[in-house]
> 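Below is a structure I'd like to ask you about.
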Amino acid sequence: MDISLGDELFDKISNGTKTVEVFLNDEQMKHFGVGDTLAIHRKSDNEDVILTSAWSIKKCRTMTELYQRYAPEAVGMAPNELSGIYDSDTVKSKDYWQLR
């Protein structure tokens, strides 16, 4: 599985502070499981890539539940930043994957 992230989030994964990735629980992602490899590409330079794997998949019904489990540093952004990306109805159908 390949994803592309902006420089700031990419750097946070690279330096080890961002350890949780958020994905829609949709058709494309439902086959991704624990132990599967994730290739994270830097948006500004697609050749810059981090290979990692999911070592845990947690389903959260709300962003409040997400931030009760994980610190904003682990998610890579504060709740208000994440809510700017996903509306509250969409958040209810997300999986939160802890990266290794």
Side-chain angles (χ1 to χ4, degrees):
M1 171 82 41
D2 290 87
I3 65 168
S4 182
L5 292 177
D7 290 348
E8 183 178 352
L9 291 177
F10 185 92
D11 289 341
K12 288 178 181 181
I13 291 172
S14 181
N15 71 27
T17 57
K18 177 176 170 43
T19 58
V20 174
E21 187 54 59
V22 179
F23 292 95
L24 283 173
N25 184 13
D26 62 10
E27 190 65 30
Q28 177 187 3
M29 300 308 290
K30 77 177 186 179
H31 300 292
F32 191 86
V34 171
D36 287 349
T37 299
L38 181 64
I40 303 168
H41 298 266
R42 183 186 294 272
K43 255 187 193 168
S44 65
D45 178 6
N46 198 47
E47 298 298 314
D48 196 0
V49 64
I50 298 168
L51 296 178
T52 189
S53 62
W55 65 275
S56 175
I57 297 176
K58 306 289 184 199
K59 293 187 181 195
C60 298
R61 295 183 189 269
T62 66
M63 279 205 297
T64 300
E65 184 180 344
L66 169 70
Y67 284 101
Q68 286 173 341
R69 287 185 188 203
Y70 304 107
E73 294 79 19
V75 177
M77 60 185 75
N80 63 325
E81 293 172 296
L82 186 59
S83 66
I85 297 171
Y86 299 114
D87 64 61
S88 60
D89 288 335
T90 304
V91 167
K92 293 177 184 174
S93 65
K94 295 213 171 318
D95 286 343
Y96 302 91
W97 299 354
Q98 195 157 1
L99 305 175
R100 178 173 18 171

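Along the sequence shown, residues carry numbers from 1.
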> So, using side chain to side chain contact (heavy atoms under 4.5 Å, CB included) as the criterion, who are the partners of D45 when residues are at least two apart?
R42, E47, D48

> Apply side chain to side chain contact (heavy atoms under 4.5 Å, CB included) to E21 and L5, showing your working.
CA-CA 11 Å; E21 187 54 59; L5 292 177; 3.6 Å; yes

> If you look at every heavy atom in A78 and P72, which pair is closest and at what distance?
CA-CB, 4.2 Å

> Locate the shortest heavy-atom distance separating L51 from A39; write the atom from each residue and the value.
CD2-CB, 3.6 Å

> What pair of heavy atoms forms the shortest contact from S53 to G35, and how long is it?
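Taking S53 first and G35 second, the nearest heavy atoms are CB-O, 3.9 Å.
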
> Under the salt bridge (charged side-chain N to carboxylate O under 4.0 Å, His left out) rule, collect the residues that match up with E81, sequence neighbours excluded.
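Listed in chain order: nothing, the list is empty.
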
> Not counting sequence neighbours, list each pair that qualifies as a salt bridge (Lys or Arg N to Asp or Glu O under 4.0 Å) and has a residue in residues 67-79.
E65-R69

> Sequence neighbours excluded, which residues qualify as side chain to side chain contact (heavy atoms under 4.5 Å, CB included) partners of N46?
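Residues passing side chain to side chain contact (heavy atoms under 4.5 Å, CB included) with N46: H41.
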
> Compare every heavy atom of V34 with every heavy atom of I57, then report the nearest pair and how far apart it is.
CD1-N, 3.8 Å

> Where is the tightest heavy-atom contact between A54 and G33, given as atom of each residue plus distance?
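What the structure gives for the nearest pair is CB-O, 4.1 Å.
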
> At what distance, to the nearest 0.5 angstrom, does CD of E8 lie from CE of M77?
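Answer rounded to 0.5 Å: 8.0 Å.
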
> To the closest 0.5 Å, what do you measure between NZ (K18) and CD1 (I40)?
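With rounding to 0.5 Å, NZ (K18) is 8.0 Å from CD1 (I40).
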
> In chain order, what residues pass the side chain to side chain contact (heavy atoms under 4.5 Å, CB included) check against T17, with sequence neighbours excluded?
K12, N15

> Begin from the C-alpha positions of L82 and M63 and carry the test side chain to side chain contact (heavy atoms under 4.5 Å, CB included) through to its verdict.
CA-CA 8 Å; L82 186 59; M63 279 205 297; 3.5 Å; yes

> Atom CD1 in I3, atom CG in L9: separation rounded to 0.5 Å?
9.0 Å

> After noting the C-alpha distance and the side-chain angles of F32 and L38, does the key distance pass the side chain to side chain contact (heavy atoms under 4.5 Å, CB included) rule?
CA-CA 9 Å; F32 191 86; L38 181 64; 4.0 Å; yes

> Which residues pass the side chain to side chain contact (heavy atoms under 4.5 Å, CB included) test with S4, not counting sequence neighbours?
K43

